[in-house]
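In what follows, a single structure is set out as structure tokens and then discussed.
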Number of protein chains: 2
Amino acid sequence: MPSVTLKMIAKELSLSVATVSKALANSYEISEGTKAIVLEAARKMGYIANPYASSLRKRRSKTVAVVIPEIADSFFAKVINGIEEVALSYGYHVLIYMTHESLSREQAIMQDFRSGRVDGILMSVSEETDTVEHITAVMDSNVPVVFFDRVREELPTTCVITNDFESSYAATEHLISKSCQKIAFVGNSPTLAINRNRESGYKSALKEHNISYENVLICGNDPKSDYKILSSLFKSDGRPDGVILSVEKLIPLLYQVCHDLKVEIPSQLKVLTFTNFAMAEFLNPPLTTINQPAYDIGKVAAQTLFKKLARSNHIAEAESIVLPSEIIFRESSN
Amino acid sequence: MPSVTLKMIAKELSLSVATVSKALANSYEISEGTKAIVLEAARKMGYIANPYASSLRKRRSKTVAVVIPEIADSFFAKVINGIEEVALSYGYHVLIYMTHESLSREQAIMQDFRSGRVDGILMSVSEETDTVEHITAVMDSNVPVVFFDRVREELPTTCVITNDFESSYAATEHLISKSCQKIAFVGNSPTLAINRNRESGYKSALKEHNISYENVLICGNDPKSDYKILSSLFKSDGRPDGVILSVEKLIPLLYQVCHDLKVEIPSQLKVLTFTNFAMAEFLNPPLTTINQPAYDIGKVAAQTLFKKLARSNHIAEAESIVLPSEIIFRESSN
DNA sequence: TTATCTATCGAAAACGGTTTCGTAAATAAA
DNA sequence: TTTATTTACGAAACCGTTTTCGATAGATAA
């Protein structure tokens, strides 16, 4: 509750509310003298504008939303850091929403955004998302959306991604060069473009090297069933000698499985992961990782969004900004 | 921009705006018949209330703020998950702000909250925070604050913390039981209560066991200088045989230092850390950790805040909710 | 001298809801 | 039948800004 309002300042200075408002907005209509007087009074009285009154009238909220699955892993944490950094510099506020990989939650969240609550949206879709109506609906109501990481490239907007296909291709080739012959790929959702790109990078590399063994696993959200899926991998006959993890969350699980089944990394199994966290080097064994530039993805996505916000009539067309990932070779794939 | 407003529905149904508003709010003043008609029309027309108009009039934003240093480590990520979960169930929105350990940023953020932007605040103070005027100012303007993790216990509100003193005491005793004689403690900020509690737990245990060696290091935000501080520790004469890390962020750094200086864990140095992340078990060597119940801390803090919000005249008194941490013994301290 | 600017300010209408208060009709109480 | 009460709704004020549109006085141009 804003104790001091424009009206109070106006009364105090025997000016009109309009004049005070304009003075604080540094309008050309107001003389430098009164501006100084108003500014001083506002400061002294501790005036802080009511953002809701302001947003209502200006039809702009100075707020953006970040919609993500969750902040379980380090990737989204760093992305948010990047976003917040940029938002701050633009004087924007950041609302955060988690879908917990649920389409219905995502739909409810997006529905709310048609109210004008936010001026723009930064989002990474859930695993379940197999329709985009809830997204196009808010885009149609003139709220720009910028995707990052988990994108929907078919929509007419900007996607900030990494070179997933290439990274995955290179990762697969790397394992092949280490004489792996049976390489498995573990992803999460077949509907996610990011996952499909990685998968096809993996498959292309196999094809290129005439390797017929191909094994794509889908792990979900439940650690228990994921554990089963992963462990069954090593109990089967076509036991792999290399694994590419597409999901950071599965790292501890894979290490656990290998530990429990006494599968030795890297002698019996070479491992390589898409991830983004500092401790990979100090794991046992040190983990080869494909590092996504998470912080920069957040920054670039936010900057792109603010550019769209600046231009009232931005052209809505599909576009991809690709930030390269970096493979860091460590013992787990040696 | 909300394309369809109350006025439009009113006109469509030849009702007054007031009636429509009350009908949607399920007011007793409106007959069930008209309620049904209004609800149906609102649904069909795709009405979504403008939150800014609503907040302006109701003087409630249905929004809470989370103010934290940053989401660099897993702790705050999990806390936010817990907070978001609770906020969602209350129909609240979550604004997120990072101080980046800067007091002036924290002050600017809190200053803004005197505008009525948020109904309540969940916060973990920055390392630099050595004054609380900016916090009491918003509390005085009737915006409740609940602290978690990095708290200021002198303020008349609720703090959600873990049993830092006891955990640190137990951790120190554990190292002593492993026949460590020279145990160092690495904290971040001497102004933070959480750090002081851990430090005194450490010191009390030493005193209790008549150990005179006492070594408290302060590491800041800069990895380079932190590296120097940590490495100088092992170059000095009074080289420790045990270390307690109070800060998760320093784990990779410590492992790096030990690696570079060829200090072997745990034979030459036993290590133990306050942290909260799943991979500790798979580090080399597996790291003994004091796990904070991060997710629960977020949940409890949020629930406490919403309780305060529910009661308009909540009594403002200092109170601590202590959630116990859990020590998980692993090889690094064996 | 008169007409035209220019600079500076205020009245009032938005923005889109919520809430108070009044009122007419229907019902209950006397 | 008269009076009191309840039910169901609308008119209008209000939340605190922003913005449009005048209005006025003084300066300038014709």
Side-chain angles (χ1 to χ4, degrees), chain A residues 1-39 41-42 45-63 91 112 114-119 141-142, chain B residues 1-39 41-42 45-63 91 112 114-119 141-142:
Chain A
M1 56 188 58
S3 35
V4 38
T5 68
L6 279 190
K7 199 190 287 186
M8 295 181 192
I9 300 181
K11 178 177 281 183
E12 178 76 19
L13 299 178
S14 301
L15 285 172
S16 77
V17 174
T19 303
V20 176
S21 172
K22 290 175 191 168
L24 291 175
N26 200 21
S27 161
Y28 68 95
E29 291 181 85
I30 306 299
S31 73
E32 293 305 320
T34 23
K35 275 183 192 172
I37 293 173
V38 170
L39 234 64
M45 297 174 69
Y47 172 75
I48 304 173
N50 182 314
Y52 296 104
S54 183
S55 291
L56 174 60
R57 178 62 231 231
K58 294 209 284 192
R59 298 166 151 287
R60 273 201 337 190
S61 63
K62 278 271 184 180
T63 304
D112 175 72
R114 299 169 68 181
S115 67
R117 186 186 296 281
V118 296
D119 295 343
S141 65
N142 245 334
Chain B
M1 61 189 50
S3 36
V4 39
T5 67
L6 279 190
K7 200 191 287 185
M8 295 180 191
I9 300 180
K11 178 177 282 182
E12 179 75 19
L13 298 179
S14 300
L15 286 172
S16 77
V17 174
T19 303
V20 176
S21 172
K22 289 175 193 168
L24 292 175
N26 199 22
S27 162
Y28 67 94
E29 290 181 86
I30 307 298
S31 73
E32 294 306 320
T34 26
K35 275 183 192 172
I37 294 173
V38 170
L39 233 64
M45 298 174 70
Y47 171 74
I48 304 173
N50 181 317
Y52 296 105
S54 182
S55 290
L56 175 59
R57 178 63 230 235
K58 294 211 282 193
R59 299 167 152 287
R60 271 201 339 192
S61 62
K62 278 272 185 180
T63 304
D112 175 71
R114 298 168 69 181
S115 69
R117 185 184 297 280
V118 296
D119 295 344
S141 66
N142 247 334

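Hydrogens, waters and symmetry mates are skipped; everything else that's a heavy atom, side chains included, is used. Just so it is clear: chains get the letters A, B, ... in the order the sequence lines come, proteins before strands, and each one is counted from 1. Keep in mind that this is a model prediction, so the values were computed, not measured.
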Please check the phosphate of [N] (OP1 and OP2 only) for any side-chain N or O of [X] closer than 4.0 Å.
X	N	result
A/Arg59	C/dG16	yes
A/Ser16	C/dG10	yes
A/Tyr47	D/dT17	yes
A/Ser21	D/dT17	no

For [X] and [N], what is the distance between atoms [atom1] and [atom2] respectively, to the nearest whole Å?
X	N	atom1	atom2	result
B/Lys62	C/dT18	NZ	C1'	15 Å
A/Lys7	D/dT18	NZ	P	15 Å
B/Leu15	C/dT18	CG	C1'	17 Å
A/Asn50	C/dG17	CG	C1'	14 Å
A/Ile48	D/dT17	CD1	C1'	15 Å
B/Arg60	D/dC14	CZ	P	22 Å
B/Leu56	D/dT18	CG	P	12 Å
A/Leu13	C/dC9	CG	P	12 Å

What's the spacing between [X] [atom1] and [Y] [atom2] if we round to 0.5 Å?
X	Y	atom1	atom2	answer
B/Leu39	B/Glu32	CG	CD	10.5 Å
B/Arg114	A/Ser3	CZ	OG	7.0 Å
A/Arg117	B/Ser55	CZ	OG	7.0 Å
B/Tyr47	A/Ser115	OH	OG	10.0 Å

Among [options], the one nearest [X] by side-chain distance:
X	options	answer
A/Ala18	D/dA11, C/dA11, C/dT18	C/dA11
B/Thr19	D/dT19, C/dG17, D/dG10	D/dG10
A/Glu29	C/dG16, D/dG22, D/dG10	D/dG22
A/Thr5	D/dT19, D/dC9, D/dT17	D/dT17
B/Ser31	D/dG16, D/dC21, D/dC9	D/dC9

Between A/Ala25 and B/Ser14, whichever has its closest DNA chain D nucleotide further toward 5' is B/Ser14
Walking DNA chain C from its 5' end, the first of B/Lys22 and B/Tyr52 to be reached, judged by nearest nucleotide, is B/Tyr52
- Query: Can you find a donor-acceptor N/O pair under 3.5 angstrom joining the side chain of B/Arg57 to the base of D/dC14?
  - Reply: yes
For a quick check of understanding: with a heavy-atom distance under 4.0 Å over all strands, which category does B/Thr34 fall into, base, sugar-phosphate or nothing? sugar-phosphate
Closest non-hydrogen atoms of A/Ile30 and A/Lys35, given as atom of the first, atom of the second and distance, are O-CE, 3.3 Å
